[in-house]
Amino acid sequence: MPATDISVANALQSRRSIRKFTDRAVDPVVLKTIFAAAQRAPSGGNLQPWQATVLTGEPWQAVKAAVAARLAMGREGYQPEYDIYPKELTDPWEARRFGVGEGLYAALGIPREDKAGRLAQFVENYRGFGAPVMLFLHCSRIMGPPQWSDMGMWLQSVMLLLVEAGLASCPQECWAMYGKTVRETLALGDGQILFTGLAIGYADEGAAVNQWPVPRVGLDEVIDWQGF
Ligand SMILES: Cc1cc2nc3c(=O)[nH]c(=O)nc-3n(C[C@H](O)[C@H](O)[C@H](O)COP(=O)(O)O)c2cc1C
């Protein structure tokens with residue numbers, strides 16, 4: 001560590017959400033170094049509200065099995081921790097959300113009519129896309145939006161450090177759909193709220209699902225310059 005000598009800009013450019021991992025194991029010493037570095041992430045009032053549970057092997061299998069049982073229940077199995085998106089998501093955000101889904105399925109050659117194919121790809125989420133390590137990011141339930149943004153800063157710090165170490169990741173808020181089961185399996189208790197999973201491992205570089213271009217809107221849509 002680091003496996004590569006990479007600038008922050010290059011790490012930002014090359015990080016992407018990886019949705020197919022190899023089964024190569026991840027060295028826990030590398031992870032520990034990354035988490036130690038990510039502790040430098042800023043947080044309002046220096047609260048450092050992020051808490052994470054990192055799993056591999058049997059404990060990770062146990063979460064997958066527990067959530068698979070809920071998945072089999074269909075909609076009745078849902079236990080959402082929070083609304084992943086606003087209930088009424090309007091454009092331009094809805095168009096962006098729709099666009100990324102279509103880009104993903106197009107890269108995999110799964111047409112809209114192939115509902116079973118799309119569902120099968122979605123369910124891959126709950127295998128962590130084959131990642132050998134799963135990190136669950138959670139915090140005390142008393143925390144509010146400012147502390148959730150702190151968790152985001154920690155998460156991005158971890159993801160960039162993973163890139164620097166030659167590792168890959170996929171943030172996965174889909175686990176929050178089964179938050180109670182995840183928390184119970186991890187023995188977290190109701191005082192914690194689950195924000196997201198983060199699948200960690202080595203990317204299957206050749207996989208089409210890891211290669212399609214994920215667009216971003218232009219600066220004119222997000223930055224308002226005043227006084228320049
Ligand atoms: C907090 C968070 C949760 C996410 N949850 C999921 C998820 O459950 N499943 C998934 O496939 N991608 C998930 N993503 C990945 C986003 O779709 C992805 O970041 C976005 O489309 C931009 O693509 P990129 O990460 O490849 O640059 C999540 C991203 C973030 C930041």
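In each ligand, atom 1 is the first atom listed, and ligand 1 is the first ligand listed. Note that this is a predicted model, so its numbers are computed, not measured.
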How far is atom 9 (N) of ligand 1 from its nearest protein heavy atom, and which residue and atom name does that atom have? N125 OD1, 2.9 Å
Does NZ or CZ of R16 fall inside the cone over W212's six-membered ring, less than 6.0 Å from its centre and within 45° of the axis? yes
Among all protein heavy atoms, pick out the one at the shortest distance from atom 12 (N) of ligand 1; state its residue, atom name and that distance to 0.1 Å. R19 NH2, 3.1 Å
From CA spacing to verdict: side chain to side chain contact (heavy atoms under 4.5 Å, CB included), V26, Y202: CA-CA 8 Å; V26 178; Y202 290 91; 4.2 Å; yes
Any salt bridge between K87 and D83, counting N to O under 4.0 Å? yes
Report the nearest protein non-hydrogen atom to atom 8 (O) of ligand 1: residue, atom name, distance rounded to 0.1 Å. C174 N, 3.0 Å
Hey, what's the ring geometry for F195 with Y82, parallel, tilted or perpendicular (30° and 60° as the breaks)? tilted
Heavy-atom protein neighbour under 4.0 angstrom from atom 20 (C) of ligand 1: no
What protein heavy atom sits nearest atom 5 (N) of ligand 1, and how far away is it? E173 N, 2.9 Å
Closest to atom 27 (O) of ligand 1 among protein heavy atoms sits R216 NH2, 2.7 Å
The closest protein heavy-atom partner of atom 28 (C) of ligand 1 is P171 O, 3.3 Å
Give a yes or no on whether the ring-centroid distance for Y126 and W175 is below 6.0 angstrom. yes
Considering only non-hydrogen protein atoms, determine which one is nearest to atom 25 (O) of ligand 1 and report residue, atom name and distance to 0.1 Å. S17 OG, 2.6 Å
Going by the order shown, which atoms of ligand 1 are within less than 4.0 Å of some heavy atom of R16? 26 (O)
Could you find the nearest protein heavy atom to atom 23 (O) of ligand 1 and give me its residue, atom name and distance? V214 CG1, 3.3 Å
Please confirm whether Q156 comes under 4.0 Å of ligand 1, counting heavy atoms of the residue only. no
Are R216 and E221 within salt-bridge range, i.e. N to O under 4.0 Å? no
Within a radius of less than 6.0 Å around CD of Q13, do more than 12 heavy atoms belonging to other residues, nucleotides or ligands occur? no
Sub-4.0 Å atoms of ligand 1 with respect to non-hydrogen atoms of V100: 21 (O)
Run K20 and F129 through side chain to side chain contact (heavy atoms under 4.5 Å, CB included) and show every step you take. CA-CA 5 Å; K20 191 164 186 202; F129 303 115; 5.6 Å; no
Taking a cutoff of less than 4.0 Å between a non-hydrogen atom of the residue and any ligand atom, is F129 in contact with ligand 1? yes
